[in-house]
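The structure appears below as structure tokens.
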There are 2 protein chains.
Amino acid sequence: MTARPGKVTQREIARIAGVSQTVVSMVLNDRDDTNVRIPAATRERVRRAIEQSTYVADPAARRLAGLDNKILGVFTYESALTPESMDFYGPLLNGIERAAERLGCDLLFFTGSPVEEGRRRLFHRDTRLRLADGCVLLGQQMDGEDLERLVAESFPFVAVGRRDETDADVPYVGIDYGALTATLITRAAELGHRRAVYVHRDRDSPTARDRLAAITTSTGQVAFTLTAVGDDLTGLPGIITAQGATAVFAEDAFLVEDIALVLSEAGITAPAQVSLAALGEVRGHRIAERPLTGFQVPRQQIAAEALALLQQLISTPADEQAAITRQRLLQGDVEYGGTLVARGGAR
Amino acid sequence: MTARPGKVTQREIARIAGVSQTVVSMVLNDRDDTNVRIPAATRERVRRAIEQSTYVADPAARRLAGLDNKILGVFTYESALTPESMDFYGPLLNGIERAAERLGCDLLFFTGSPVEEGRRRLFHRDTRLRLADGCVLLGQQMDGEDLERLVAESFPFVAVGRRDETDADVPYVGIDYGALTATLITRAAELGHRRAVYVHRDRDSPTARDRLAAITTSTGQVAFTLTAVGDDLTGLPGIITAQGATAVFAEDAFLVEDIALVLSEAGITAPAQVSLAALGEVRGHRIAERPLTGFQVPRQQIAAEALALLQQLISTPADEQAAITRQRLLQGDVEYGGTLVARGGAR
DNA sequence: CTCATCTGATAATTCGCATTATCAACGGCG
DNA sequence: CGCCGTTGATAATGCGAATTATCAGATGAG
């Protein structure tokens with residue numbers, strides 16, 4: 001470690017002002033109890049000594065003494081600042097930065113975590129996690145054990161995205177995909193659709209389950225045929241015609257794009273013959289010159305809410321923690337777009 | 001501060017393993033001097049105790065004890081993660097993240113710094129700056145006093161962008177705009193240009209001076225008329241015709257776009273009648289359907305180099321610091337584009 | 001058998017700051 | 001004059017890890 005000759009400590013200030021280190025600390029923290037009385041004159045003398053110098057409190061020492069550091073950790077399971085991941089992380093990070101600015105907090109990105117199996121590890125022997133007052137977790141796929149351990153150690157944290165794989169009481173902020181899905185299905189029913197196909201990935205996440213649940217409980221409005229895909233969509237056109245489906249819903253926008261391709265190759269025109277919709281963020285996606293129907297996920301808002309919750313978890317004393325709503329679902333918006341049209345292709 | 005019931009300390013490990021805290025520390029740091037001897041058996045016992053527990057070293061305590069934390073600060077004078085600033089900061093941040101990953105360092109973004117006059121303040125009473133081993137400074141406009149103070153306190157840091165406004169020995173990594181400018185001028189001369197106008201902003205930065213210097217020393221190849229602008233470009237067409245200029249260089253791409261507009265309104269077609277070029281990054285900019293001629297600034301590389309330098313400054317003992325090249329200029333590339341064409345508008 | 005040397009481990013101290021307990025000086029009151 | 005409450009400050013302690021000084025016991029040489 002490079003020497004820090006220029007470092008000014010409270011002790012040094014105390015020497016200059018002719019008082020004890022204790023007084024300097026008191027003055028800095030504006031303490032004025034009945035136990036602690038410092039006359040205005042002394043206070044002023046210390047203040048001037050501080051201003052004349054270049055004193056800044058050592059955050060490490062503050063932390064060690066048990067104070068908040070106003071540092072919030074940001075952990076992403078993958079690199080967050082690459083051009084590719086900016087699509088997903090960009091709005092989230094922006095929201096986090098803005099919220100942090102408002103709260104006067106700095107952000108510690110755990111970019112130094114060792115990578116195993118393509119994912120960063122949250123816990124490792126040199127983790128700086130504890131330096132933060134709390135931590136936001138981002139990423140599509142999180143590690144259940146990490147979450148459990150954080151809960152067990154009662155380290156304040158918030159996951160972005162619905163996370164209730166584990167039975168631990170994981171604090172998160174997510175989107176209510178179930179409600180959004182139900183809304184979209186109702187819309188499809190209004191447009192005359194009675195039979196549809198839902199194409200989903202075989203990933204098992206809470207939000208995937210939410211979507212599925214909304215779909216399976218919607219049978220009164222629209223009857224869905226479910227089909228899980230790996231990368232193979234070749235069977236889809238057959239399923240559609242066999243079922244007499246007039247709409248295809250897919251788990252996300254990229255999947256819809258693949259589907260549109262397969263359909264057009266099979267001679268099925270969308271949305272004229274078959275409507276299309278994604279049960280995920282659709283911003284920027286277009287199918288057949290039309291904006292894709294799906295959801296708008298307010299990522300900046302999610303981030304802001306996540307930081308608000310985190311701040312609350314941090315600043316709430318243990319005996320009041322129970323009163324906090326630790327799981328929060330935001331509503332999001334349906335983007336009606338132009339690819340879900342009336343049955344029969346009326347336009 | 002929320003209590004941390006789950007916190008495991010070295011003392012706790014020591015109790016479990018039946019040794020003293022000292023030994024735990026020794027084992028963790030793999031110390032084995034002549035002064036420090038720990039038999040393999042004991043060592044193993046401690047190791048197991050550590051692994052069984054959830055122990056992680058408290059970074060604040062390590063820091064206080066004078067060790068490196070593998071934390072690099074990132075200070076931007078403006079918000080870095082907004083959609084608008086992503087253009088400029090994105091590649092830099094990406095480069096920084098990748099370099100930090102390689103070095104095993106975490107990144108501390110000082111988003112909590114108070115904002116004055118639209119700029120974040122680096123030094124303030126609650127700054128967490130010292131928590132980092134060193135710091136990278138980003139931003140178009142930096143504060144000279146900040147830089148001087150960092151140098152005075154011999155805090156390891158690196159500015160991104162040429163910074164020698166002050167007489168302090170500020171470490172930086174920048175682009176050699178002088179060399180790039182000279183290259184572009186030579187190219188213009190080859191294409192037959194003899195008289196040109198250089199439109200610059202009246203900002204006085206080191207890189208601005210570099211460009212100007214290259215221009216004023218190029219009189220043997222191309223004779224330049226200089227003109228500084230605020231927002232007013234209306235006089236430009238007059239200057240061009242008066243001087244018989246066949247090319248217009250401007251300080252940056254946005255300025256060129258403004259110029260192209262003014263010229264076209266004055267009935268001057270570019271690049272047919274007047275060639276255009278920017279002495280700055282031109283990626284994504286097009287004029288009259290052609291890619292703008294100018295520079296390509298390797299921002300990721302700059303960031304990587306900045307972090308490399310920073311790491312060097314941090315890890316080099318005081319008595320060898322003098323051997324480090326603290327100011328580094330990278331070369332960048334000329335983007336020949338399509339708006340600098342042979343004199344007379346040949347194609 | 002005794003004194004020196006080596007082994008293995010611990011107590012004590014440091015870092016900078018916050019907090020608690022403690023203390024000296026002073027003034028008023030009975 | 002002596003007791004007490006108030007005022008203004010300080011010494012002492014803790015936080016967690018690293019480092020230094022120190023020490024007890026085993027072993028060796030003379």
Side-chain angles (χ1 to χ4, degrees), chain A residues 1 3-15 17-46 50 53-70 125-131, chain B residues 1-15 17-46 50 53 55-70 125-131:
Chain A
M1 181 79 219
R4 294 286 162 72
K7 179 142 62 178
V8 186
T9 69
Q10 287 187 359
R11 192 183 224 82
E12 176 71 3
I13 299 290
R15 203 184 49 72
V19 295
S20 69
Q21 175 257 323
T22 307
V23 173
V24 177
S25 172
M26 301 292 194
V27 170
L28 279 168
N29 294 26
D30 278 326
R31 299 238 346 223
D32 199 5
D33 313 1
T34 28
N35 303 323
V36 182
R37 290 160 304 240
I38 304 173
T42 308
R43 210 173 270 274
E44 198 45 44
R45 195 152 34 95
V46 174
I50 292 172
S53 75
T54 58
Y55 175 83
V56 281
D58 183 329
R62 286 177 65 87
R63 180 71 179 164
L64 196 56
L67 277 72
D68 273 12
N69 250 345
K70 310 272 260 174
R125 57 186 296 275
D126 284 331
T127 183
R128 264 79 65 175
L129 182 61
R130 311 217 83 100
L131 201 48
Chain B
M1 182 76 219
T2 317
R4 296 283 165 72
K7 179 142 61 180
V8 184
T9 71
Q10 286 188 359
R11 193 182 223 81
E12 176 72 3
I13 300 290
R15 204 184 49 72
V19 295
S20 68
Q21 175 258 324
T22 309
V23 173
V24 177
S25 172
M26 301 293 193
V27 170
L28 278 167
N29 294 28
D30 277 326
R31 295 223 7 206
D32 198 5
D33 312 3
T34 28
N35 302 324
V36 183
R37 289 160 305 240
I38 305 172
T42 309
R43 210 174 272 273
E44 198 45 44
R45 193 151 36 95
V46 173
I50 293 172
S53 75
Y55 174 83
V56 282
D58 183 329
R62 285 178 65 86
R63 183 80 180 148
L64 197 56
L67 274 71
D68 273 11
N69 252 343
K70 311 271 260 171
R125 56 189 296 275
D126 283 331
T127 183
R128 266 78 65 178
L129 183 60
R130 310 217 85 99
L131 208 47

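These values consider heavy atoms only, across backbone and side chains, with no hydrogens, waters or symmetry-generated copies. Below, chain A is the first sequence line, B the second, and so on; all start at residue 1.
- Side chain B:Gln21 to base C:dA9: no donor-acceptor pair is found below 3.5 Å.
- One atom, CD of B:Gln10, and another, C1' of C:dT14, lie 15 Å apart when rounded to the nearest Å.
- Ion pairing between B:Asp126 and B:Arg128 fails under the 4.0 Å rule for side-chain N and carboxylate O.
- For C:dA11, its base sits under 3.5 Å from the side chain of B:Thr22 at one donor and acceptor pair at least.
- Taking atom CE on A:Met26 and atom P on C:dT22, their separation rounds to 15 Å, with Å as the unit.
- The CZ-C1' distance, from A:Arg11 to C:dA18, rounds to 14 Å in whole Å.
- How far CG of B:Asn35 is from CE of B:Met26: 8.5 Å, rounded to the nearest 0.5 Å.
- Residue contacts shown for B:Arg62 are limited to sugar-phosphate atoms, with no base heavy atom under 4.0 Å away.
- Looking at which nucleotide of DNA chain C each of A:Ala57 and B:Val19 is closest to, the 5′-most match is held by B:Val19.
- In this structure, the CG atom of A:Leu131 is 14 Å from the C1' atom of D:dA17, given to the nearest Å.
- A straight line from CZ of B:Arg37 to P of D:dA26 spans 16 Å, rounded to a whole angstrom.
- When each of D:dC15, D:dG16, C:dA9 is scored by its nearest atom to the side-chain atoms of B:Val23, the top-ranked nucleotide is C:dA9.
- With B:Ile50 as the partner, the side chain to side chain contact (heavy atoms under 4.5 Å, CB included) test is satisfied by one option alone out of B:Val56, B:Val8, B:Leu28: B:Leu28.
- When rounded to the nearest whole Å, the span between CG of A:Asn29 and P of C:dT20 equals 12 Å.
- Contact annotation for A:Ser25: base contact, defined as any heavy-atom pair under 4.0 Å involving a base atom.
- For the pair B:Asp58 CG and D:dG14 C1', the interatomic distance rounds to 13 Å; values are reported in whole Å.
- As rounded to whole Å, 14 Å separates atom C1' of C:dA9 from atom CZ of B:Arg31.
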Could you walk me through whether A:Arg31 and A:Ile38 pass the side-chain contact (heavy atoms from CB on, under 4.5 Å) test, one step at a time?
CA-CA 9 Å; A:Arg31 299 238 346 223; A:Ile38 304 173; over 6 Å; no

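- Residues B:Val36 and B:Ala61 each lie close to DNA chain D; by heavy-atom proximity, the contact nearer the 5' end of the strand is made by B:Ala61.
- Taken to the nearest 0.5 Å, the CG atom of B:Leu64 stands 13.5 Å off from the CZ atom of A:Arg62.
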